[in-house]
Amino acid sequence: RELTFDEFSALDGDVRHGLELCVESAIHQDVVTTGQAKYRVQRIHSSIPRKFRIRPKIHKQPVAARPVFNMSRAWPQPFAIFLCEKLAPVQKSLCQYVLTNTDQLQSQLVSTDLGNSSALVIGVFDISSLYPSIDITHLVIKTTAMIRRFYVQNWALGSFLINIVAVVM
């Protein structure tokens, strides 16, 4: 359902407060330094809006468009960067044989001897919708389990990541 501005503002404030609490807890557990914490929350009270635009996909027939949410100057960006850095090894451990971009494919093909095998098949799949309707509760449960398994030796960092994921989703 579509939120009213007041509903959005209330939820936005709750998310910001929740993230502040997560960062404070992480400082006390020595998961992040005070400097790292300051970086994460540096824009948390900023009112700079996130920007939304449509990027046309002129190479598709019929021509389509992709919604793009630019957060480069918005307050959640430091958290997004942190999550990307810390969840990348989790993803890599789960999906060793899945390449996520063309650069990865090219770098692997350069160092691979493909020979003259006629049995070689390279599969390329395109996702029809990058924003499917996902049951958020199910996604948080699955993501939490993956983070716990990967960060079993560093439970404090794992808990911090799980808290951030839970708050932003």
Side-chain angles (χ1 to χ4, degrees), residues 19 22-23 26 30-33 35-43 46 48-169:
L19 287 172
C22 288
V23 170
D30 293 324
V31 174
V32 296
T33 65
Q36 291 168 328
K38 284 182 182 178
Y39 172 74
R40 303 274 175 265
V41 298
Q42 67 182 322
R43 301 182 198 153
S46 170
I48 295 174
R50 284 135 348 236
K51 295 181 181 169
F52 179 77
R53 66 180 186 277
I54 300 293
R55 173 169 283 172
K57 297 169 79 175
I58 58 175
H59 62 285
K60 299 278 185 174
Q61 287 300 325
V63 174
R66 173 178 292 155
V68 177
F69 203 23
N70 185 348
M71 297 180 61
S72 62
R73 295 219 186 316
W75 69 265
Q77 184 206 28
F79 289 98
I81 292 169
F82 181 72
L83 283 176
C84 288
E85 290 171 355
K86 297 299 181 187
L87 295 181
V90 177
Q91 177 191 359
K92 187 173 176 93
S93 74
L94 297 169
C95 307
Q96 302 166 26
Y97 305 106
V98 175
L99 304 178
T100 56
N101 61 47
T102 306
D103 292 337
Q104 286 180 341
L105 176 64
Q106 288 177 334
S107 70
Q108 291 211 1
L109 285 177
V110 166
S111 62
T112 303
D113 179 18
L114 300 176
N116 291 329
S117 174
S118 61
L120 177 68
V121 176
I122 296 177
V124 179
F125 300 92
D126 191 12
I127 298 171
S128 61
S129 174
L130 292 175
Y131 310 101
S133 296
I134 296 174
D135 178 358
I136 298 299
T137 303
H138 177 74
L139 181 61
V140 169
I141 290 168
K142 292 296 185 182
T143 304
T144 296
M146 291 178 218
I147 293 170
R148 281 193 204 286
R149 276 194 303 273
F150 189 83
Y151 286 105
V152 71
Q153 300 298 324
N154 190 348
W155 66 268
L157 175 59
S159 294
F160 181 49
L161 294 170
I162 289 166
N163 288 336
I164 293 174
V165 167
V167 170
V168 298
M169 287 192 181

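This is a predicted model, so every value here is computed, not measured.
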To the nearest 0.5 angstrom, please state how far the [atom1] atom of [X] sits from the [atom2] atom of [Y].
X: T144; Y: R149; atom1: OG1; atom2: CZ; result: 10.5 Å
X: L157; Y: L161; atom1: CG; atom2: CG; result: 4.5 Å
X: L83; Y: I147; atom1: CG; atom2: CD1; result: 7.5 Å
X: Q77; Y: R40; atom1: CD; atom2: CZ; result: 11.0 Å
X: T33; Y: K38; atom1: OG1; atom2: NZ; result: 9.5 Å
X: T143; Y: H138; atom1: OG1; atom2: NE2; result: 9.0 Å

Testing the basics here: between [X] and [Y], what is the closest heavy-atom pair and its distance to 0.1 Å?
X: Y151; Y: G158; result: CB-CA, 3.9 Å
X: S46; Y: W75; result: O-CD1, 4.2 Å
X: R148; Y: I162; result: CG-CD1, 3.6 Å
X: I164; Y: C22; result: N-SG, 4.3 Å
X: P78; Y: Q42; result: CG-NE2, 3.9 Å

Taking the side chain as C-beta and beyond, is there a heavy-atom pair between V23 and Y39 under 4.5 Å?
no
Got V41 and F79 here, is their nearest side-chain heavy-atom distance under 4.5 Å?
yes
Given the side-chain rings of F160 and F82, with only the six-membered ring counted for Trp, is the space between their centroids under 6.0 Å?
yes
